[in-house]
Structures are given as structure tokens and as C-alpha cells.
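Residue numbers start from 1 in every chain, and the chains themselves are labelled A, B, ... in the order their sequence lines are given, proteins ahead of strands. Keep in mind that what you see is a predicted model, and the values were worked out from it rather than measured.
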2 protein chains.
Amino acid sequence: MTIRVLLADDQALVRGALAALLGMEPDIEVVAEVGSGDEVVAAARRTGAEVCVLDIEMPGMDGIAAAGEVARELPGVRSVIVTTFGRPGYVRRALDAGASGFLVKDTPATELAEAVRRVHAGLRVVDPALATESLFGGDNPLTDRERDVLRAALDGSPVSTIAGSLHLSPGTVRNYLSSAIGKTATSTRVEAARVAQQRGWL
Amino acid sequence: MTIRVLLADDQALVRGALAALLGMEPDIEVVAEVGSGDEVVAAARRTGAEVCVLDIEMPGMDGIAAAGEVARELPGVRSVIVTTFGRPGYVRRALDAGASGFLVKDTPATELAEAVRRVHAGLRVVDPALATESLFGGDNPLTDRERDVLRAALDGSPVSTIAGSLHLSPGTVRNYLSSAIGKTATSTRVEAARVAQQRGWL
DNA sequence: ACACGCCCATGACAGTTGTCATCCCGGACC
DNA sequence: GGTCCGGGATGACAACTGTCATGGGCGTGT
């Protein structure tokens, strides 16, 4: 009696490699592999997956959103988030969305299978270093609009462009940016956007 | 008689997964795994690796620099670059440094082993889509100093900070930025920095 | 010797950005 | 009803940024 696992990662090589890694465990069987978050629920339902291993950074629906959809649509199916970036805000968002596990890709390869087993048994698994950091790191102080303008400011576009894409007045955009710069303790909109992103606030 | 492979990737989980993937091939043996570019040559020499599979994005020495060191220090040992980002400039730089292969992490998992075999046999392997793009994408038009200021401008720091960290006059920094903005057809320093990075010009 | 390109700098100018005060509107909460 | 907070906006001001002209020094080719 094996644990049926679904794998979601947009990088085919990494996806295949993870499948090979998990496939070496006698008690684990990879029953589905998908390359985007949108396909997760359908594939999990079709193949009867019991645990979903989800990357966050994917085109279309990201791993956190996919975990949320899985939790709503397929009760009993658990999710483990596996991601490159150990951003404090991600952990909170992932667990709130209904994920049961959270690992960063620096963790030793042997621990993935162990995490899958634990999650399958109904336990929660969170990278310990990240767990404390996310508790201490505090909450997201940004308002909805501040997040919007920061996302639009990430690539360094001028205020006029941001205002156009959000259908706001340039002056309003500058107000939100100024407020976000204050909350992130930075001095330019791009610094504020990067800091916010690194903390998982966007 | 198997092909002896060294794996370098800073993400332990991915590294282990790639090892599992390659380990499934009967004619390939993973003889070393390292987490940074600095360890590559020593580990390759110690274990008698014949092919090095190198990620570009690593702390310390990156995969391209490591491939260059391997080519200089261990003639006969070949390198395959495996990276997340298919940036046109990377291909050129990697091949110039002495790498024999270049793959992006979107490629199907089955092709990695095949690439290792080809490279071991003395052939060159380059992702076909990227090969044409890098030929057409043209060369890096930036001067050394322009690259320096763009790297320092990536996170959105104000000119005064960039000038301080490079020991240059603020006016000089603005001149280089202005020139780089022109060459990248952008309108702010951060846009220029991001465009240059995406093309592998930094 | 000369031209060329890169490095480094200064000064001036217009345009953009960050800050602040101030306003209006609509919920939510006491 | 009053207070607070978020969304949206305007106007003014100082600081920063992008552009351009102009200068000098240094190394490489012809």
C-alpha cells in the first residue's frame, strides 16, 4: 500500500528529477506530474493522488493558490509546498491556504520523502528555521493598494506607467508609494518593492 | 564502463533529485555532488569525474566561472551548464568559457542523460531554441563600467549609494546610467538593469 | 602623430520623484 | 453621531534623476 503523490513544478527537468527521487522510495508512487497550478486539482482527482508536492513559482495559478484549491475541492488530499525562496510571508500564506507542509529547496534530498510520509499521516511539516522566522517576522503591514503599486513598481517603471496600468492618478500612486517606502524603511519605490517581495508581502 | 559525473547545484533538494535521475541510467554514475562553484575542480580531480553538470546560479563562483576553471585545470573533463534562465548572453559566455553543453531546466528530464552522453563523446549540446536566439540576440554592447553601475542599480538604490559603493562621482554614475539606458532602449536605470540582466549582459 | 574608445569628472537644464498638507467619500466600530 | 481607516485626489516644494555639452587622461591601434 503506497502513498500516491502528485508533483507540480514548471521546470520539466526538476519535476522529472523529483519524480526519480521519490520513485526510489518503496512506499511512494508518483501518479501525476503537471507543469502549472491550474492542472493540479483535475490531475489529482483523476489519479487519486493523496499528497500534492507543489512548487510556488509557476506560471498561471501559483502553488499556494493551488494548495488552497486542493484543500477546498478535495478534502483529505494534503499539500506540501516546496519552493526556492524561504520568504517569511510565504509560510503563513501557504498554511492559511490549507497546505500541510513547507520546505525550501536547500533542504537535504532525503527529507522530501520523509515530509511526504509525515504529511500523509496527517502531521504538519514546516522547515524549522523558517517557522521561527515567520513567527517573528511579523505580519504584512501593507494595504491592498500599496501592494498593487509595489507589484507594478517592481520592474522600475515610471510613475506615469504604473498610474496608467492601475487606472489611478499619478499623484495617488505617489502617495501609496511614499507610504510603502515608509513601511519598508527604504528610500525609493524599487527598494520598497524588492524588500516587500523578499518578505513575501506581495 | 560508466560515465563518471559531478553535480553542482546550490539547492540540495534539486541536486539530490538530479542525482537520483542520473543514477537511474545504467551507464552513468554520479561520483560527486557539491553545492558551490568553488568546490568543483577539487572534487572533480579527487573523484576522477569525466563530465560536470553545473548550475549557473550558485553562491561564490558561478557555474560559468567553474566551467572555465575546469577547462583550464582539467583538460579532457567536459562541462554541461544547466540553468533556470535561458538568457541569450549566458550561452555565449558559457561556451566561450569552455563549456560543452547548455540546457535550460524546462527541457524534458530524459534529455539530461542524453546530453551527458553526447558531451562525454566529445560532441557539443546546446538547447536548439536558445542557440538561434543567442546568435540573433547579438552581443553585449555594454562597457565594463556600465555593467558595474547596472549591477549596483538592480535593487533600486539611489545614485548616491551606487556612487559610494563604486568609489565614483555621482555625476559619473549618472553618465554611465544614461548611456546604459540608451543602449537598452529603456527610460529608467532600474528598467535598464533588469533588461540587461534578462539578456545575460551582467 | 593621430584618431578612437573608454574612463572619470563637472555644470546646467528639464523632468521625475518623494514628502507633506489637505480635501472628499464610504464603511466599520463604539 | 463621532471617530477611525482605507481609497482616491490635488497642489506645492525640495530633492533626485536623466540628458547633454564639455573637458581631461589613458591605452590601442593605423
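For the pair B/Lys183/B/Glu146, a side-chain contact is recorded, criterion being any heavy-atom separation below 4.5 Å from C-beta on. The side-chain heavy atoms of A/Val53 and A/Val5, taken from C-beta on, include a pair separated by under 4.5 Å. The closest side-chain heavy-atom distance from A/Leu13 to B/Leu21 is below 4.5 Å.
Each of B/Tyr176 and B/Thr188 lies near DNA chain C, and the nucleotide nearest B/Tyr176 is the one positioned closer to the 5' end. Comparing A/Ser179 and B/Arg145, the nucleotide of DNA chain C nearest to each residue sits closer to the 5' end for B/Arg145.
Side chain B/Asn175 to base D/dT22: no donor-acceptor pair is found below 3.5 Å. In the interface, the side chain of A/Arg174 is paired with the base of C/dG18 through a donor and an acceptor atom under 3.5 Å apart.
Taking atom CG of A/Leu166 as the reference point, atom P of D/dG7 lies 12 Å away to the nearest angstrom. Atoms CG (B/Leu177) and C1' (D/dC20) sit 15 Å apart, rounded to a whole Å. What separates CG of B/Asp148 from P of C/dC8 is a distance of 9 Å, to the nearest Å. In this structure, A/Ile162 atom CD1 and D/dG8 atom P are separated by 15 Å, rounded to whole Å. For the pair B/Asp144 CG and D/dG27 P, the computed distance is 15 Å after rounding to whole Å. A/Leu168 has its CG atom 14 Å from the C1' atom of D/dT10, to the nearest Å. In this structure, B/Ile181 atom CD1 and C/dG15 atom P are separated by 17 Å, rounded to whole Å. Following rounding to the nearest Å, B/Glu191 (CD) and C/dT16 (P) show an atom-to-atom distance of 13 Å.
The side chain of B/Val159 lies closest to D/dT17 when the candidates are C/dG18, D/dA9, D/dT17. For B/Arg189, the listed nucleotide lying nearest its side chain is D/dT17; candidates were D/dT17, D/dT10, D/dG7. Here D/dT19 is the nucleotide among D/dT19, C/dC8, D/dG8 with the atom lying nearest to any side-chain atom of B/Ser178.
For the OP1/OP2 pair of D/dT10 and a distance below 4.0 Å, the side-chain nitrogens and oxygens of A/Thr172 include no atom meeting the criterion. Note on A/Thr143: every side-chain N or O is 4.0 Å or more away from OP1 and OP2 of D/dC5. Between B/Ser187 and D/dG18 there is no side-chain N or O to OP1 or OP2 distance below 4.0 Å.
Of all heavy-atom pairs between A/Ala153 and A/Val190, the closest is O-CG2, 4.1 Å.
Atoms CZ and OG1, on A/Arg189 and B/Thr188 in that order, are 6.5 Å from each other to the nearest 0.5 Å.
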